[in-house]
Amino acid sequence: MSTLVISILSFIVTLGILVTIHEFGHFWVARTLGVKVLRFSVGFGKPIWSRRAGPDNTEYVLAAIPLGGYVKMLDEHEGEVAPHELPRAFNRQKLPTRFAIVLAGPLFNFLFAILAYWLIFTIGVEALKPVVGEVAVGSIAAEAGLKQGDEIVAIAGKPVQTWEAAVFGLLDKILERGQVAVAVRDEQGGTRTIQFDIKADGSGLDRGSVLENLGIRPVRLHLPAVIGQIEPGGAAAQAGLAVGDSILSADGQEITDWAAWVDYVRARPGRMIAVGVERAGQRLQLQVQPAATPSPNGEIGRIGAAAAMPALPTELRVRVQYDPLEAVGQAMVKSWEISALTLSMLGKMVIGQASLENVSGPLSIAQYAGYSASDGLVSFLRFLAIISISLGVLNLLPIPLLDGGHLMYYLIEAVKGSPVSAKAQLIGQQLGIALLAGLTILAVYNDLTRLFGAHS
């Protein structure tokens, strides 16, 4: 199955799962608190499947556009309500009931993330130890005294076991700026603590790898030059490269491993490269033009391809696993950390301290969904958890049309003792539409730039 098809199917499955969970939160709490639900829809637009069931004859709908969903409740603002059903109308409910129903959607997104992380920690996952491979000259990491071969063991006093934990820990501290203490273990087993000076100029918050922006690269595994993943629309896909291709040469020079291929591509942004590949026993000649991608040390070439990953060497491998009870606490902590990090990143983007290029839209989500689905259950669960948390945080923002906007109105109502006026709500809806439209345009623009831009 092609990478594009996997990405599309994974995107649909991802949104289907997360939208269903979000809307089920609204649905379940509404039903539990006695509000009549008329329709439960996953997706928008024309229904492709529907049925009615339950004591209230609720309509369950699967619609054609899988970009959201909604729960339609009995409400006098939506149409006439029979006198005998007025007690079950949403608008007739007391403020705490309405607040609980609206809050339930984002809350279920967070609960799902906790469940996903609990499964991950219970199943266990093998990951790469945070062993430093290279430190760029003149970088933040170099100035701090980080050395090749050092293993990061703690960030700001919090232990880390994997590169993923190191990335999230460093990103969290980058958002705070200032000094951050990083404990490392050298190749002889000695430990020391160094201080990263996170500059106030936004270093590390631009688009790209957090580690590279700090001048750190993980230890390089000896990987054969075999393509394991292709980004849809990227330079590699446009050149006709395919998953499973072995890279033999570049401009007539032998390519010995994946590291050599990466170095060759990174050094040639925007320049055409003649690539010799072996595919299914046949040798082919292709032309690929790396996209020119910004980095702290100038532009680098990027083609949108990843290596086929062999098993990690024992000395660089760590298994993260907890017993079921301990995994509950670890899952809650992890979900809280990702939630706080997401909210902090959004705040930094609003005040201009983080690049708006970090905003991703449906194309990027589809791409990453495809990658995670191809990597197995644990990887896909991790992706679902992160996106579910993002949806929960986004929906709690005080923007009219979102759940957070409704909660904001309810808080105002609680303070002033009466509902927000219809005129004020209308103005809020117009403002909300404008903000969400702008965010959507920005996200799609960033997606298109990543996938198709930067070619000369």
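Counting from 1, the numbers follow the sequence of the chain as shown.
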Evaluate the criterion side-chain contact (heavy atoms from CB on, under 4.5 Å) for residue pair Leu38 and Lys36; output intermediate values, then yes/no. CA-CA 6 Å; Leu38 304 177; Lys36 184 175 181 178; 4.0 Å; yes
Salt bridge (Lys or Arg N to Asp or Glu O under 4.0 Å) assessment of Arg92 paired with Glu85: CA-CA 10 Å; Arg92 292 290 184 107; Glu85 290 196 311; over 6 Å; no
Stepwise, does the side-chain contact (heavy atoms from CB on, under 4.5 Å) test hold for Lys129 with Glu151? CA-CA 8 Å; Lys129 287 183 179 179; Glu151 179 182 350; 4.1 Å; yes
Could you go through the side-chain contact (heavy atoms from CB on, under 4.5 Å) check for Leu146 and Val184 one step at a time? CA-CA 8 Å; Leu146 191 68; Val184 299; 3.7 Å; yes
Evaluate the side chain to side chain donor-acceptor pair (under 3.5 Å) criterion for residues Ser418 and Lys416: first the C-alpha distance (whole Å), next the side-chain angles of each, then the deciding distance (0.1 Å), finally the verdict. CA-CA 6 Å; Ser418 61; Lys416 67 191 289 283; 2.7 Å; yes
Given Glu326 and Asp323, is the side-chain contact (heavy atoms from CB on, under 4.5 Å) satisfied, shown in steps? CA-CA 5 Å; Glu326 188 180 6; Asp323 65 62; 3.5 Å; yes
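Side-chain contact check for Thr193 versus Val182: every heavy-atom pair is 4.5 Å or farther apart. The closest side-chain heavy-atom distance from Phe383 to Val378 is not below 4.5 Å. Residues Leu431 and Ile399 fail the side-chain proximity criterion, which asks for heavy atoms closer than 4.5 Å. Proximity of Tyr60 to Val42: side-chain heavy atoms (C-beta onward) are nowhere separated by under 4.5 Å. Using a 4.5 Å heavy-atom cutoff, the side chains of Leu170 and Phe196 are in contact. Two residues are said to be in side-chain contact when any heavy atoms from C-beta on lie closer than 4.5 Å; Trp28 and Ile101 fail this criterion. Proximity of Leu343 to Leu397: side-chain heavy atoms (C-beta onward) are separated by under 4.5 Å at one or more points. The closest side-chain heavy-atom distance from Pro159 to Val153 is not below 4.5 Å.
When the shell of 6.0 Å around CH2 of Trp336 is examined, it contains 12 or fewer heavy atoms from other residues, nucleotides or ligands. No more than 12 heavy atoms of other residues, nucleotides or ligands shown are found within 6.0 angstrom of CE on Met332. The environment of CZ in Arg319 is crowded: more than 12 heavy-atom neighbours from other residues, nucleotides or ligands sit within 6.0 Å.
The minimum heavy-atom distance linking Ala291 with Ala235 is given by the pair N-CB, 4.4 Å. Of all non-hydrogen atoms in Gly301 and Pro290, the two that sit nearest each other are CA-CB, 3.8 Å. Residue Gly240 comes nearest to Asp245 through the heavy atom pair O-OD2, 4.4 Å, listed as atom of the first residue, atom of the second, then distance. Listed here is the closest heavy atom pair of Phe44 and Gly69: CZ-N, 3.4 Å. The heavy-atom pair separating Trp258 from Ala305 by the smallest distance is CZ2-O, 3.9 Å. The two residues Phe110 and Val393 make their nearest non-hydrogen contact at CZ-N, 3.7 Å.
Checked against Leu381 for a side chain to side chain contact (heavy atoms under 4.5 Å, CB included), the options Leu115, Ile386, Leu119 give a single hit: Leu119. Checked options Leu107, Leu391, Asp403; the residue passing with His22 is Asp403 (criterion: side chain to side chain contact (heavy atoms under 4.5 Å, CB included)).
The main-chain N or O of Gly54 is never found under 3.5 Å from a side-chain atom of Thr58 such that the two would form a donor-acceptor pair. In this structure, the side chain of Gln93 engages the main chain of Ala89 through a donor-acceptor pair within 3.5 Å. Side-chain N or O atoms of Arg266 include none that pairs as donor or acceptor with a backbone N or O of Ile300 at under 3.5 Å. Checking side-chain atoms of Trp118 against main-chain N and O of Pro324 turns up a donor-acceptor pair under 3.5 Å. No donor-acceptor pair closer than 3.5 Å links the side chain of Asn57 to the backbone N or O of Arg52. Between the side chain of Ser388 and the backbone N or O of Asn109, at least one donor-acceptor pair lies under 3.5 Å. No donor-acceptor pair closer than 3.5 Å links the side chain of Asn395 to the backbone N or O of Gly392.
Qualifying side chain to side chain donor-acceptor pair (under 3.5 Å) partners for Glu78, counting only residues two or more places apart in sequence or in other chains: none. Shown here are the side chain to side chain contact (heavy atoms under 4.5 Å, CB included) partners of Ile48, two or more places apart in sequence or in another chain: Leu62, Ala64.
Ring geometry for His406 versus Tyr409: interplanar angle over 60°, hence perpendicular rather than tilted (30 to 60°). Taking the six-membered ring where tryptophan is involved, the planes of Phe40 and Phe27 are perpendicular, since the angle between them exceeds 60° and thus also 30°.
Taken from CD1 in Ile216 to OG in Ser139, the straight-line distance is 7.5 Å, to the nearest 0.5 Å. With rounding to the nearest 0.5 angstrom, the CD atom of Gln425 is 10.5 Å from the CG atom of Leu401. Taking CD1 from Ile155 and CZ from Phe168, the interatomic distance works out to 12.0 Å, rounded to the nearest 0.5 Å. The structure places CD1 of Ile230 at 6.5 Å from CD1 of Ile303, a figure rounded to the nearest 0.5 Å. Atoms CD1 and CD1, on Ile114 and Ile389 in that order, are 8.0 Å from each other to the nearest 0.5 Å. In this structure, CD1 in Ile17 is found 8.0 Å from OG1 in Thr20, a value given to the nearest 0.5 Å.
Cation-pi geometry between Arg98 and Tyr410 is satisfied (NZ or CZ under 6.0 Å from the ring centre, within 45° of the ring normal).
Under the 4.0 Å criterion applied to side-chain N and carboxylate O atoms, Arg88 and Asp56 are assigned as salt-bridge partners. Under a 4.0 Å N-O distance rule, the pair Arg382/Glu164 qualifies as a salt bridge. Salt bridge Glu23/Lys72: absent, no basic N to carboxylate O contact under 4.0 Å.
Looking only at atom types and distance, the side chain of Tyr70 has a donor-acceptor partner in the side chain of Arg39 under 3.5 Å away.
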